[in-house]
Structures are given as C-alpha cells and as structure tokens.
K.L.:
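Structure below; questions to follow.
Proteins come first, then strands; the chains are lettered A, B, ... in the order of their sequence lines, and each starts at number 1. Because the structure is a prediction, the values reported are computed rather than measured. Computed from heavy atoms alone, side chains included, the values below leave out hydrogens, waters and symmetry copies.
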Amino acid sequence: MTEQAPITSNFIREIILEDLKTNKYQGRVQTRFPPEPNGYLHIGHAKAICLDFGLADEFKGHTNLRFDDTNPSKEETEYVESIQQDVKWLGFQWDSLFYASDYFDQLYEWAVQLIKAGKAYVDDLSADQIREYRGTLTQPGRNSPHRDRSVEQNLDLFERMKRGEFPDGSRTLRAKIDMASPNLNLRDPVMYRILHAHHHRTGDKWCIYPMYDYAHGQSDSLEKVTHSMCTLEFEDHRPLYNWFIEQLGIFPSRQIEFDRLNLTYTLLSKRKLLQLVEERHVNGWDDPRMPTISGIRRRGYTPEAIRNFCNSIGVSKTNGSIELAMLEHFVREDLNKRAPRAMAVLRPLKVVIDNYPEHKVDELDAINNPEDASAGIRKVPFSRVLYIEQDDFRENPPKQYYRLSPGREVRLRYGYLITCTSVVKNEKDEVLEVHCSYDPATRGGNAPDGRKVKSTIHWVSAAHAVDAEVRIYETLFTKEDPNQVELGKDFTSNLNPNSLEIIREAKLEPSLATPQVGARYQFERLGYFCADPDSKPGHPVFNRTVALKDTWAKIEKKAPVDPGRGRPA
RNA sequence: UGGGCCGUCGACUAAUGGUAGGUCAAGUGCCUUUGGAGCACUUUGUCUAGGUUCGAAUCCUAGCGGCCCAGCCA
C-alpha cells in the first residue's frame with residue numbers, strides 16, 4: 001500500500017487547532033458527513049468525506065454519517081445504501097448513523113417554540129406570491145399580509161398544517177426575520193412546506209417537511225457538532241444557520257465553508273450525473289466513465305489513491321479546477337507499487353519464430369512486480385507463434401522508433417532476442433504476420449556476448465492466449481469545462497463520442513484466464529487494468545483504469561513525421 | 001446594478017509583516033529486460049495602482065477580474 005501522502009495544512013485545521021488551544025469545546029472535535037440520499041456519491045463528495053472524517057480522526061474526534069432526508073420527493077433507500085457502501089469502501093467508519101428525519105419531532109417542537117416567541121408565522125401566500133414579495137437582489141422585499149397573525153392563530157394553523165388539513169403548497173411556516181435584508185436568505189425564509197409525500201423512513205407520518213436551512217443547523221446542534229463543514233455556496237446561509245441556533249438557545253455548532261472540488265473534463269453535479277444515467281449516455285451510476293465513487297471503483301481506482309488525491313489537493317476558498325492528470329497521478333503511484341504485472345496484447349499481430357521448434361513449449365520466468373520482490377515470479381509459456389502489439393511493429397520505422405522492424409533485433413520481455421526477417425502482407429499492403437528468428441542463447445532476455453537492444457516488447461503465446469474483452473476509456477467530455485456550451489445547447493453536446501472503446505480480440509497470458517472481479521493488474525507497457533463484473537470464467541473483461549505514461553506517444557506527437565510516407569502523419 | 005466570498009508558477013496549494021516553497025503538468029539528462037518506475041536538474045508566479053513600514057503575497061485605500069444568492073431543492 002502507498003504510504004499516506006502528507007496532509008498539507010489548511011484554514012479549517014487552523015480553526016480547529018485554535019479552538020483546541022482555547023478549549024472552546026472542551027477539546028472535542030465532532031464533525032458530520034451529511035449527504036442527501038438523492039443520488040450516488042462522487043469524487044467531490046470524497047473530498048468532503050476525507051475532510052470531515054480526516055480532521056476528526058486527526059484530533060481523536062468523532063464523525064457521524066447523517067442523511068439529510070428532508071425532501072421525500074427526491075430521496076430513495078437505494079441511495080442511502082450506496083452511500084454507506086461508498087463511505088466504507090473509501091476506508092471510513094462513522095461513529096453514529098443518523099437521519100435528519102430522526103429529528104422531525106424535535107424540529108416541530110422547536111418550530112412551535114419559535115411561533116410562541118413571535119419568531120415564526122404561517123403564511124398563506126403561494127410560491128409565486130412569495131417570490132414576488134421577496135423583492136430582488138437590489139430591491140427590498142415586502143412583508144406578507146399574514147406576517148402579523150396572532151401567536152394563537154399561528155399555532156392553530158401550524159397544527160392543522162401538520163394534521164393534513166391543507167393541500168400541498170397552500171401554506172408555509174416562515175421565520176420572521178427581515179424582508180429588507182440584503183441577504184435574501186434572511187427575508188423570512190420558509191421553514192416548513194406542506195408535502196403529502198411518502199417518506200422513505202417516516203412513511204406517511206408527516207405531511208409537512210422542514211427545509212434544509214431549518215433542519216441542518218439544528219441537526220448539527222443536536223449532535224453537538226463542533227465544526228460543520230460545507231461548500232462555499234452556503235456562505236450566505238450562515239447568518240440564518242446562526243439565527244436559528246441563537247433564537248432556540250441550543251448548542252452552537254459552527255458552519256465553515258470550503259471550496260467544492262472541480263475536475264477538468266468532469267461534471268460533478270448530482271443532477272447532471274442523474275441526467276446522464278437516465279438518458280442512457282452512460283450505462284448506469286457505476287459506469288467506469290462516471291466520476292461516482294462506484295464508477296471509479298469499477299474503473300479500478302483504489303481507495304488509497306483517492307484519499308491521497310483528496311489530501312493532496314488542499315482545501316481553500318478559491319474557485320478552481322484541478323487537472324484530471326492530478327487524479328491520474330495518484331492512481332498510477334498507488335498501482336505501480338501494488339499491481340501485479342502481466343502481459344496482454346490488445347491489438348494482436350502474429351509473429352512466427354521460424355527457427356523455433358514447431359511444437360516446443362517453454363516455461364519462462366516472469367517477475368510479478370519489479371517494485372515488490374515479495375510478489376514473486378510466475379511461469380509464462382513461450383512457443384513458435386506469438387502475438388505482439390500492432391504498435392510494436394513498423395515496416396518503415398520513423399526516427400526514434402526503437403521497436404520491431406525489418407532487420408531489427410528487439411527483446412521479447414522475459415523471452416528471447418528476436419530479429420525480424422520478413423513480413424507477410426495482403427493485397428491491401430497490410431502486414432498480416434511478421435517472421436523472425438530467435439537467438440537460442442538469449443533465453444530470459446540477455447545476450448551472452450553482451451550486445452544490447454534498444455527495445456523490449458511484450459507478447460503472448462498464440463496457442464496459450466486467453467481471449468478477452470478490454471474496455472478503453474477516454475474522458476466523458478471533450479471540453480475541459482463540460483459546462484461551457486454554445487447558446488441553446490446543454491452539457492450533453494460536449495459528450496465525447498469516443499469515451500468508450502471496446503476491444504473484443506485482446507489476447508492475454510494464461511494466468512489471466514479467470515481473474516477475481518475487481519482484481520487490478522498492470523498490463524506491461526500499456527497501463528493498469530481492472531477485472532470487470534461482466535467477466536465470465538475463461539473470458540475475462542477488463543477495464544483500463546489509466547494508461548501508463550507514454551514517452552513514445554509524446555515523441556511521435558511532437559514530430560509527426562513518418563519517413564515511410566515522407567509526410568506528416 | 002444589493003449582499004457575500006475569492007484573486008500566488010500552466011493547474012492545485014503553502015508562506016499567519018522577515019529567504020516566495022511543495023505537488024501535478026511541461027522540459028533536459030541519467031538509469032532501465034516496461035519508451036513504465038526511479039533519480040537529478042530546469043523553466044514559469046504574488047491581479048493592477050497607490051499608501052503604511054527598515055521590510056508587504058500578507059496591513060490600508062481605490063480599481064480590475066471571477067464565483068455564489070431572488071426554490072415551498074440541498
């Protein structure tokens with residue numbers, strides 16, 4: 001396992017350190033991760049999870065998992081299950097599991113208390129009217145005509161809202177704050193709305209449901225949360241968060257806002273991810289192209305890689321976007337150290353070793369992981385007919401191309417030095433097979449005379465090869481910022497038509513015939529691959545997690561001249 | 001155009017009035033039975049203009065730029 005990346009400090013840790021120093025909460029650090037169960041968790045949530053759990057762990061504190069389930073029309077138990085699975089998979093364990101709906105009774109009592117204190121009132125205005133009365137960014141709002149009802153009447157009306165006497169949308173409970181506040185959140189925010197909807201946990205007990213602003217801070221307070229982290233867009237809500245707590249005189253949790261994660265070529269909005277799923281642009285929430293935890297897990301990412309990434313990107317209040325290369329770096333770093341190596345040929349080209357005995361099969365030693373001696377070695381069968389990668393042969397090699405070409409000698413990894421003697425082509429001038437001779441004295445890959453070859457290529461014995469499907473992924477979107485669209489179009493116009501390439505004719509070394517689902521390998525010289533649940537015994541399916549860094553691709557891109565054709569490729 | 005928040009290498013992030021540092025990316029070299037990995041080196045930055053100060057990324061003022069807020073979503 002990769003050692004933990006050092007966590008660079010941040011302003012939230014500084015706040016906690018200061019609170020610890022001044023003994024503000026008697027040395028307690030209590031956080032919470034509060035997802036709404038209305039979708040799958042994504043890499044952006046992973047950042048929040050690492051923060052919430054990581055900071056609490058660091059200071060011997062506690063973290064609750066709390067489902068923010070105040071809107072029954074969007075929330076489902078499928079999501080609460082996937083969220084728990086994902087948090088655990090990332091390597092975190094919550095101290096207590098709560099639901100905002102656990103607090104519905106208490107929240108109702110507190111609402112009554114606020115009504116009695118003249119701090120809340122039942123409003124009969126419709127949604128449209130409320131919007132109208134709210135004013136605009138530059139103009140103050142106006143008081144609702146119902147704002148000054150008596151406490152008795154408010155109590156009666158609120159009670160009857162709860163009993164179900166009124167239809168959806170006909171009334172709300174509002175906090176009585178200030179319709180002229182420059183902060184729109186303080187212009188008598190709605191605390192309760194009428195919603196005759198079945199709730200995934202409370203069933204039909206309630207037909208009024210608290211709004212986020214009224215539920216979240218009070219839930220934090222009930223759990224004695226000391227540091228309540230959320231994203232920047234809630235900054236404007238903090239005065240309201242504090243207002244409820246002050247009016248109620250309950251435990252003062254503190255809300256601290258940090259910047260949401262943005263990743264290039266990636267969308268991190270639950271609404272848009274849901275759209276991708278529903279419109280079938282991807283094959284479900286766990287499609288390996290999705291930035292969901294379940295998607296990147298299926299893609300082959302490790303929890304350690306994700307945690308190291310989250311701990312390395314820092315936490316601040318600046319709106320920025322992290323390059324996808326950063327995330328990829330951390331999977332490569334982790335997998336390089338732990339993934340066993342294997343040989344796989346994605347686009348096979350037949351190679352015949354003419355001077356190798358027809359039916360001979362040799363078992364060659366291959367190192368499982370050069371980064372980890374304890375991983376040991378395995379046997380790989382070698383015979384007269386092999387597959388190599390089409391990319392590893394060029395009839396007319398460009399400058400700096402070191403791989404196989406007519407007359408050239410290369411090394412077959414853990415095998416022999418071979419020299420290309422001739423090629424067989426079809427009528428379309430395509431190379432069908434390559435003929436080589438091998439040097440029997442080079443078994444294992446070294447020449448007794450000390451001669452060197454410039455290149456080592458991977459291979460699979462044709463007679464022993466396992467047929468496999470390999471899925472190659474590119475970014476889901478073609479634009480760094482998928483939200484950047486022409487007028488009248490939406491983000492789906494930036495979908496990358498080549499985000500998934502299915503290779504059905506891949507040839508794998510025999511040890512890969514029946515991998516465990518989720519097993520991760522490095523296919524030598526190609527990248528990291530992960531066995532997909534679609535695998536069948538003897539016919540595996542692999543997802544490419546990430547390619548290896550490819551220096552040759554860079555060289556070729558920089559000087560795209562093919563001397564064989566005499567013009568830029 | 002009301003309010004809130006934010007501007008440091010290409011990206012992300014440190015420096016808490018005292019040497020602008022780290023990671024990724026990019027580049028160069030070494031090494032290599034993965035053109036992988038590793039190692040070494042290199043390039044590029046404090047939004048602008050004033051001010052305070054022995055000294056400013058940091059404090060002040062004024063600009064400029066970006067993000068968020070007018071759901072009975074969270």
Side-chain angles (χ1 to χ4, degrees), chain A residues 5-6 8-11 14 34-36 38 68 70-71 73-75 123 125-127 130-132 134-141 168-174 181-187 189-195 208-209 211-213 215-216 230-239 257 259 264 270-271 309 312-330 332-333 336-337 341 343 366-367 370-371 400-403 411-415 417 444-446 452-458 522-527 547-555:
Chain A
T8 138
S9 197
N10 59 63
F11 75 99
E14 297 303 320
E36 183 188 12
N38 68 342
D68 224 328
T70 57
N71 186 352
S73 61
K74 289 185 175 177
E75 295 150 7
D123 198 356
L125 255 30
S126 69
I130 286 185
R131 187 179 316 118
E132 215 180 297
R134 185 155 33 223
T136 68
L137 292 179
T138 50
Q139 304 221 291
D168 287 4
S170 60
R171 284 187 165 83
T172 56
L173 182 73
R174 292 232 253 166
S181 173
N183 181 345
L184 302 241
N185 293 116
L186 264 20
R187 318 243 263 229
V190 172
M191 296 166 60
Y192 273 93
R193 75 285 215 184
I194 301 173
L195 234 40
I208 56 172
Y209 291 93
M211 299 285 291
Y212 166 87
D213 283 307
H216 200 97
C230 64
T231 45
L232 254 24
E233 68 269 26
F234 291 100
E235 232 155 4
D236 287 344
H237 294 242
R238 188 174 357 112
E257 311 85 11
D259 61 327
T264 57
K270 275 203 254 182
R271 203 204 95 231
F309 168 75
S312 303
I313 55 177
V315 180
S316 71
K317 292 173 78 106
T318 39
N319 272 312
S321 199
I322 304 218
E323 290 173 351
L324 190 58
M326 186 76 124
L327 213 211
E328 292 180 338
H329 161 78
F330 284 97
R332 288 199 190 98
E333 180 187 67
N336 174 51
K337 295 195 178 97
R341 309 295 113 133
M343 291 200 283
I367 295 166
E371 303 287 324
Q400 295 185 78
Y401 183 89
Y402 305 141
R403 281 112 95 150
R411 173 168 35 238
L412 293 175
R413 177 137 241 230
Y414 302 125
L417 264 34
N446 283 313
K452 304 280 185 206
V453 291
K454 282 279 245 187
S455 166
T456 300
I457 65 176
H458 62 276
Q522 183 197 104
F523 291 176
E524 297 227 16
R525 302 209 303 133
L526 297 176
L548 250 28
K549 285 199 190 164
D550 191 344
T551 305
W552 166 242
K554 247 181 231 171
I555 294 169

K.L.:
Could you tell me whether A/T172 contacts a base, only the sugar-phosphate backbone, or nothing, with contacts defined as non-hydrogen atoms closer than 4.0 Å?
P.N.:
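The residue A/T172 makes base contact.
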
K.L.:
Using 30° and 60° as the class limits, which term best fits the ring planes of A/Y212 and A/H216: parallel, tilted or perpendicular?
P.N.:
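Rings of A/Y212 and A/H216: tilted, as their planes differ by 30° to 60°.
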
K.L.:
Report the nucleotide, chosen from B/G36, B/C73, B/C72, that has the shortest atom-to-atom distance to any side-chain atom of A/A127.
P.N.:
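When the side chain of A/A127 is considered, B/C72 is the closest of B/G36, B/C73, B/C72.
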
K.L.:
Output the distance between atom OG1 (A/T231) and atom NZ (A/K317), rounded to the nearest 0.5 Å.
P.N.:
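Reported value, rounded in 0.5 Å steps: 11.0 Å.
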
K.L.:
Taking only the side-chain heavy atoms of A/D550 (C-beta and beyond), determine which of B/C12, B/G35, B/C72 contains the nearest atom.
P.N.:
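The closest nucleotide is B/G35.
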
K.L.:
Is there any protein nitrogen or oxygen under 3.5 Å from a nitrogen or oxygen in nucleotides 17-25 of chain B, and what are the pairs?
P.N.:
| residue | atom | partner | partner atom | Å |
| --- | --- | --- | --- | --- |
| B/A25 | OP1 | A/K549 | NZ | 3.4 |

K.L.:
Provide the closest heavy-atom pair for A/S316 versus A/D259 in the form atom of the first, atom of the second, distance.
P.N.:
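Closest heavy-atom pair between A/S316 and A/D259: O-OD1, 2.6 Å.
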
K.L.:
List every contact pair, protein side and nucleotides 5-9 of chain B side both N or O, where the distance is under 3.5 Å.
P.N.:
| residue | atom | partner | partner atom | Å |
| --- | --- | --- | --- | --- |
| B/C5 | O2' | A/E235 | OE1 | 3.4 |

K.L.:
Could you check which of B/A37, B/A74, B/G35 has an atom nearest any side-chain atom of A/M211?
P.N.:
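Given the options B/A37, B/A74, B/G35, the side chain of A/M211 is closest to B/A74.
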
K.L.:
Looking at A/R187 and A/Q139, what are the two nearest heavy atoms and their distance?
P.N.:
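It is NH2-O, 2.7 Å.
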
K.L.:
So, for A/S73 and A/N71, which heavy atoms are closest and what is the spacing to 0.1 Å?
P.N.:
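A/S73 and A/N71 have their closest heavy atoms at OG-OD1, 2.6 Å.
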
K.L.:
Run the numbers on A/R238 and A/E257 for salt bridge (Lys or Arg N to Asp or Glu O under 4.0 Å), then give the verdict.
P.N.:
CA-CA 9 Å; A/R238 188 174 357 112; A/E257 311 85 11; 2.6 Å; yes

K.L.:
Hey, is the side chain of A/R403 poking within less than 4.0 Å of OP1 or OP2 on B/G35, counting only N and O atoms?
P.N.:
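For B/G35, neither OP1 nor OP2 has a side-chain N or O of A/R403 closer than 4.0 Å.
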
K.L.:
Tell me if the side-chain of A/N183 makes a donor-acceptor pair with the base of B/G3, cut-off 3.5 Å, by modelled atom types.
P.N.:
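Flag unset: no donor-acceptor pair detected.
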
K.L.:
Could you state the interatomic distance from OH (A/Y192) to CD1 (A/I208), rounded to the nearest 0.5 Å?
P.N.:
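If we round to the nearest 0.5 Å, A/Y192:OH and A/I208:CD1 are 5.5 Å apart.
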
K.L.:
When the aromatic ring centroids of A/W552 and A/Y402 are compared, is their separation below 6.0 Å?
P.N.:
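When the ring centroids of A/W552 and A/Y402 are compared, they turn out to be at least 6.0 Å apart.
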
K.L.:
Can A/W552 be said to stack with the base of B/G35, given centres closer than 5.5 angstrom and planes under 30 degrees apart?
P.N.:
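Answer is yes, a stack.
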
K.L.:
Of the nucleotides B/G2, B/G3, B/A14, which one has an atom closest to the side chain of A/L137?
P.N.:
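Nearest nucleotide to the side chain: B/G2.
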
K.L.:
Identify the heavy atoms of A/T264 and A/S321 that sit nearest to each other, and give their distance.
P.N.:
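Minimum heavy-atom contact is N-OG, 3.7 Å.
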
K.L.:
Classify the nucleic acid contact of A/R341 as base, sugar-phosphate or nothing, counting any heavy atom under 4.0 Å across all strands shown.
P.N.:
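Base contact.
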
K.L.:
In terms of side-chain heavy atoms of A/E233, which of B/G35, B/C68, B/U13 is nearest?
P.N.:
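Taking heavy atoms from C-beta onward, the closest nucleotide is B/C68.
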
K.L.:
How far, in whole Å, is B/C59 from B/C5 if one measures between their P atoms?
P.N.:
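B/C5 and B/C59 have their P atoms separated by 14 Å.
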
K.L.:
Report the distance from atom NZ of A/K549 to atom CD of A/E328, rounding to the nearest 0.5 Å.
P.N.:
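Going from NZ on A/K549 over to CD on A/E328, the span is 10.5 Å.
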
K.L.:
Salt bridge or not for A/R413 and A/E524, using N-O below 4.0 Å?
P.N.:
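Yes, this pair counts.
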
K.L.:
Contact class for A/N446 vs. all strands (heavy atom < 4.0 Å): base, sugar-phosphate, or nothing?
P.N.:
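If one applies the 4.0 Å heavy-atom cut-off, A/N446 turns out to touch a base.
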
K.L.:
Rounding to an integer number of angstrom, what distance separates B/G66 and B/A11 when you compare their P atoms?
P.N.:
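Taking atom P in both B/G66 and B/A11, they lie 16 Å apart.
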
K.L.:
Just to confirm, is there a sub-4.0 Å distance from OP1 or OP2 of B/C73 to any side-chain nitrogen or oxygen of A/R193?
P.N.:
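True: A/R193 side-chain N/O within range (under 4.0 Å) of B/C73 OP1/OP2.
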
K.L.:
To check you understand the geometry: which heavy-atom pair defines the closest contact between A/M326 and A/I313, and what is its length?
P.N.:
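Smallest heavy-atom distance, with atoms named: CG-CG2, 4.4 Å.
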
K.L.:
In plain terms, say whether A/R174 and A/D123 are close enough for a salt bridge, that is, a side-chain N and a carboxylate O under 4.0 Å apart.
P.N.:
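The answer is yes: the pair qualifies as a salt bridge.
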
K.L.:
Of the nucleotides B/A74, B/G35, B/U34, which one has an atom closest to the side chain of A/Q400?
P.N.:
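That would be B/G35.
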
K.L.:
Closest approach of A/V453 and A/L417, non-hydrogen atoms and distance?
P.N.:
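Minimum heavy-atom contact is CG1-CG, 4.0 Å.
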
K.L.:
Using OP1 and OP2 only, check whether a side-chain N or O of A/R134 sits under 4.0 Å from B/G71.
P.N.:
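Yes, A/R134 has a side-chain N/O under 4.0 Å of OP1/OP2 on B/G71.
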
K.L.:
Can you give me the dot-bracket string for RNA chain B, 5' to 3', counting Watson-Crick and G-U wobble pairs with both distances under 3.5 Å, using [ ] for crossing pairs and | for partners on another strand?
P.N.:
.((((((..((((....[..)))).(((((.......)))))....(((((..]....))))))))))).....

K.L.:
Suppose you measure atom C1' in B/C9 against the same atom in B/A25; what distance do you get, rounded to whole Å?
P.N.:
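Pairwise C1' distance, B/C9 against B/A25, rounds to 11 Å.
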
K.L.:
For atom P, what is the distance between B/C60 and B/C6, given to the nearest Å?
P.N.:
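Each nucleotide's P atom is 12 Å from the other's.
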
K.L.:
Would you say A/R131 places a side-chain N or O within less than 4.0 Å of OP1 or OP2 belonging to B/G71?
P.N.:
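Affirmative; the distance criterion is met.
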
K.L.:
Please give the distance between the C1' atoms of B/U13 and B/G51 as a whole number of Å.
P.N.:
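So the two C1' atoms sit 30 Å from each other.
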
K.L.:
Could you tell me whether B/G63 is syn or anti, where syn means a glycosidic angle within 90 degrees of zero?
P.N.:
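Nucleotide B/G63 adopts anti.
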
K.L.:
Can a side chain N or O of A/T456 be found less than 4.0 Å away from OP1 or OP2 on B/U32?
P.N.:
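A/T456 to B/U32 OP1/OP2: no side-chain N or O under 4.0 Å.
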
K.L.:
What contact category does A/Q522 fall into here, base, sugar-phosphate, or nothing, at under 4.0 angstrom with non-hydrogen atoms?
P.N.:
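Counting heavy atoms under 4.0 Å across all strands, the contact made by A/Q522 includes a base.
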
K.L.:
Looking at every strand, decide which applies to A/E36 at a 4.0 Å heavy-atom threshold: base, sugar-phosphate, or nothing.
P.N.:
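The residue A/E36 makes sugar-phosphate contact but no base contact.
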
K.L.:
Looking at A/R413, I'd like to know whether one of its side-chain N or O atoms comes within less than 4.0 Å of OP1 or OP2 on B/G35.
P.N.:
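So the side chain of A/R413 is outside the cut-off, no N or O lying under 4.0 Å from OP1 or OP2 of B/G35.
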
K.L.:
Counting the atoms with a prime plus P, OP1 and OP2 as sugar-phosphate, which does A/S181 contact under 4.0 Å by heavy atoms, base, sugar-phosphate, or nothing?
P.N.:
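No contact.
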
